[in-house]
Every structure is written in structure tokens, then in C-alpha cells.
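Worksheet for the structure shown next.
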Amino acid sequence: MTDHDAIVIGAGFAGLYQLHRLRRAGFDVRGVEAGGDVGGTWYWNRYPGARCDIESIEYSYSFDPELEQQWDWTEIYAAQPEILAYAQHVADRHDLRGDIAFNTRVEALDWDDEANRWTVTTDDGTTSTARFVIAATGCLSVPSKPEFPGREDFRGEQYWTSSWPHEGADLSGKRVAVIGTGSSGLQTITAIAPVVASLVVFQRTPSYAIPAHNGPARERLREVREHYPEFRELSRLAKTGRQCGDEEAGWYVETDPETAEREFERRWLEGGLCYTQTFQDLLRDAEANEAASEYVRARIRAKVDDPVTAAKLSPTTYPVGTKRMCVDTGYFETFNRDTVSLVDINEEPIRRITERGIVAGDTEHEVDVIVFATGFDAMTGALNAIDIRSGGTTLREKWAAGPRTYLGLMSAGFPNLFTITGPQSPSVLSNMMTSIEYHVDWITDALQHLREHGLERMEPDQAAEDNWVTTTNDVADLTLMPRAASWYMGANIPGKKRIFMPFAGGVGTYKQYCDGIAISHYHGFELT
Ligand code: FAD
């Protein structure tokens, strides 16, 4: 049995940076990763068309200024192979792989209240102990795999976007079905439509998608590289951890309809996820949101030739921005191809999978390949998959009615266990790179503080946690976010408690608050 100062679970962008920072600070630290290499999301999600939806200039590490100057992103929104290569390059550059056990899954964490140590059990049967455990397990790392009756009867190929084969899958000339029209589904559909013989898309909920206007990154990189530190600092203070020109946004309610239309168009032409920041009240005021939603629906109608298909592709059951928005490159136009068809499973539910294909309503759709783009058990899935025990209870039991954390960083009763981009932090509502780096820095500073003061243990006060949970819920209730049956709410997982999980108050506000907590000697935490 080995003993360490800290064990970091996960070797995605969060785990890699956490390992690096703790090692540099002189801690004895080990990483454990279920996958065969580094990269996390970008290691697993290798489906055709996979790419980031936040510009790579921002969706990248800021901790290594030389790397910022050296790494040439080829596209504004890099594709998965390039992002994975970047993660691998960082691992090589900082010599991180040697301290990570790959192909190893953490199954259990057991807190020893007398020794102030976690016992970490992995699926190869080994146990280690560590004073601190940092869960860098990812918010979107546990796929949701709904049961489809008859799936095992299907004679063709089946793939999940979230665990696409490393050797790739040749879909050219085949009859393909894609189930799911969230971000992964949209990207897959757009990428494969030109090469497959036919494509049938099964949609439960249509997505709002904003054009990417992707292209070469060279010019933008040159511009930003001249002032990267200031650029990053602005991102850290911005609402979503990236720059959308927030300060320019006015209020929809104070804007006349013609000006509002021009503003929506300006954002639409800029492209990307900043669309929801066209107006400050867009995610708070139903009327403002409906105007923004209708603008997108009008664009969809303009792109899709068949009005019936256009109507099916137009989201009407939830406000724009309250489910994860998508960034697209010709998704809607895909449905103008003769070879592509759309099945709305609200009208024609999927009844079963047969050896030949998928039966929806009264129709059997015969296909050679089924692609499942059915999403993730978001935010709590990876943590709840580990048997985390402390003081006679498990984290899973504590979180049965929804996650409870202080600042999304720790949970009362589970000392010395930190979560990176945990529930009740801005996390998935932000540029994750900004949020990851902030949490890693905060946690590392806290561990250094404990060491410098000869302390061994850190844990949130129950009252501080209760207040934070209430604050998170209250902030969410000020917005339209809880109105959608989204994965932010846990609504995609049967039986999961519906509660808005991320902190919706903005990255900059959150940072200022957490900075203040650290400066005030970790107010709300008990340090012993
Ligand atoms: P992950 O990358 O998910 O890594 C977590 C790692 O932990 C995984 O490798 C997993 O195998 C490992 N792990 C989990 N549990 C265990 C265990 N028990 N034992 C051992 N190992 C374990 N975010 C953005 O901000 N912008 C984007 O453009 C963007 N695009 C995305 C596209 C896709 C297809 C997906 C799925 C997500 C995207 N995200 C995006 C979110 C993305 O998850 C984060 O940006 C980021 O990659 C998360 O890094 P991470 O290290 O926190 O988690």
C-alpha cells in the first residue's frame, strides 16, 4: 500500500493541471485515470465532427505563457484530434504521464477520521492512502445509456459518441441512424451526412444552434498573443469565463424592436455561444428570451426547405440558453439533403430495436449502423459512481436529493476531498478551462495554506454549505434556467432529482467571492 500527500482522480484538463501544480508545490501526488491516456473528454469523444464550441484561443490553458505563444491552433474551433494532441503535448511538456496510473478506475474512497487520510481503492484491487483526494472526474464523463428494448438483437454496428472507437468507424455508403440531437448528435450528423448512403435522425428535443463561422485561427491568434495575459484576466472576470463583450450588452426591455433585431443579427453573424449575452435580461426575462428564441427559429425556417421539417427542428418548449446551446456548421442545411430524414420521437416513439433497425411509431427504419448520442449523467454522475464513504454515510446518500456543496469545492462531512468544477460552481455554464484553472489554483493554495500552518484537515461548516446551496438555488430562480428539462437539472436521467446544479451567478462574481473566502482564512471552512 502506497501513501501520498494527494491523489488526483482523472487526467483530463483538470487532473493534468492539478497534478502539475501540486507537484510544483512540492507535494507527493499521484494521478489515477480510467482511460488509456490523458485528455479526458477529448480522449473518449472521438466521434466524427467532434470539436469545441468555445474558441480554442480561450478554450486552452493560461498557466503556461510560453505554450500560449507556441501552440498554433489551426482553427478557431479546434477539432477533437487537435485538442487531444494539445493535452498530450502538455502532458509531455510537463512530464506528467509518469505520475499517472492509466487504465485504472477508482472504485471507492474511505475516510479514516483518526488518521485524517483517504483510502483509495481501484479496480485492479490495489489500495493507496492519501491525505487529500482531488476529484477531477469531469462533469460530462459518465455517458447516459438509456435502455432500448431489443438493442442486443441488432445485427449492424452500434456506436456511442462518448466512447467512439479509437480506430474510427467507416460509415461511408452505409445506412445510418443517429439517436439524439444535443451537441454531440448535431456535430456527428453534420459530419457524416455527406458520406453516408442515408441518415435517419431520431429527435426528442430540438436544439438551438448558432453558427460557428469557423475558420483559420492564425489572424486572431496573432492579435491575442500580443496581450494574452490581459486577455485571460478579462476572461476570468467575465460572466462565462470567456469574452463576449458583456459590458456592451443593454437590456432588451429598454430596446426598441428594430434595434433588438439588429442586435440579435449582430450576435448571430459573430456566431457562437455569446448569443445569449445579446441582452443582459435575455436569460432572466421571458419576453426578452422569447424574442431571442424566435430570432433563432426564424433563421432555422430560412435554412430548411421543408416547412414541416423546419418546424420540427425549431425548439419551442424551452427558452433559448436554458439547455446547453449548440454551435453548428451547416447542421440545419443537412436536412435539405434527400438522403437525410427526421423522426420526432414525441410523435413516433422508438418502440424497439430489431435485428434490422429501429421501429418508431409504426415504421421500421432499416439501417446498417446506429449511433447513440444520448448525453451524460452530468455533474454528479462520475462522483456518484465512486463509493465515497465518511462517518458512516456515503456521498451518494447525502446527494440523493441533489448535490450539496460549499462553493462546488467540498461537501460537509467529507473532509479533504475536493471537487474540480463540482456542482454549485459555474462549471458547465462557463468556459471550462477558466473554471478548471481557477479551482485548481484555489485548491492548491488551500493545501499550501494548510501545510504552512501545520494543519491536516479542511472541511466546510454545515451552515456555510446550507447557505451556499440556498444561494445557488436562489440565483438559479432569478433566471429562466430551471424552466427547461435539461441535463443542468438532471432531467435526462430517470429518477435523478431535478435541481439546477451549476452556479448561475457568473464566473467573475464567483471568483471574487471565492477569493474573499480564501483571504478571510477560509471563512466557512473548518481547518484543523
Ligand atoms: P474530463 O475531461 O471529463 O476528464 C475526467 C477524466 O476522469 C476522464 O478521463 C475519466 O475517464 C476520468 N475518471 C472519471 N471517473 C474516474 C474514476 N472513478 N477513476 C479514474 N478515472 C476517472 N467545455 C467547454 O468549456 N468548451 C467546449 O467547447 C466543450 N466541448 C465539449 C465537447 C464534448 C463532446 C464534451 C463531452 C464536453 C465538452 N466540454 C466543453 C466540457 C468538457 O468536459 C470540459 O471542457 C473539460 O474537458 C473537462 O475536463 P475535466 O478534466 O474536468 O474532465
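This chain uses plain numbering: 1 for the first residue, then up along the sequence. Atoms within each ligand, like the ligands themselves, are counted from 1 in listed order.
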* Asked: Mind checking what makes ring pair (Phe, Tyr, Trp, His ring centres under 6.0 Å) contact with His4, not counting sequence neighbours?
  -> none
* Over-ring placement of Lys145 relative to Trp160, 6.0 Å and 45° cut-offs -> yes
Side-chain donor-acceptor pairs of residues 161-169 under 3.5 Å, sequence neighbours excluded:
residue	atom	partner	partner atom	Å
His166	NE2	Arg46	NE	3.4

* Asp3 with Arg131: basic N within carboxylate O range, under 4.0 Å -> no
Any protein N/O atoms within less than 3.5 Å of an N/O atom in ligand 1? List the atom names and distances, or say none.
residue	atom	partner	partner atom	Å
ligand 1	2 (O)	Thr41	N	2.7
ligand 1	2 (O)	Thr41	OG1	3.2
ligand 1	3 (O)	Thr41	OG1	3.4
ligand 1	9 (O)	Glu33	OE1	2.8
ligand 1	9 (O)	Glu33	OE2	2.9
ligand 1	9 (O)	Trp44	NE1	3.3
ligand 1	11 (O)	Glu33	OE2	2.7
ligand 1	11 (O)	Trp44	NE1	3.1
ligand 1	18 (N)	Val106	O	3.0
ligand 1	19 (N)	Val106	N	2.8
ligand 1	21 (N)	Ala34	N	3.0
ligand 1	25 (O)	Met432	N	2.8
ligand 1	28 (O)	Asp53	N	2.6
ligand 1	28 (O)	Asp53	OD1	2.8
ligand 1	28 (O)	Ile54	N	3.4
ligand 1	43 (O)	Thr41	OG1	2.7
ligand 1	45 (O)	Tyr59	OH	2.5
ligand 1	47 (O)	Tyr59	OH	3.1
ligand 1	51 (O)	Phe13	N	3.1
ligand 1	51 (O)	Ala14	N	2.9

* Could I get the full list of side chain to side chain donor-acceptor pair (under 3.5 Å) partners for Lys511, not counting sequence neighbours? => Asp515
* Would you confirm whether the ring centroid of Tyr17 sits within less than 6.0 angstrom of the ring centroid of Phe63? => yes
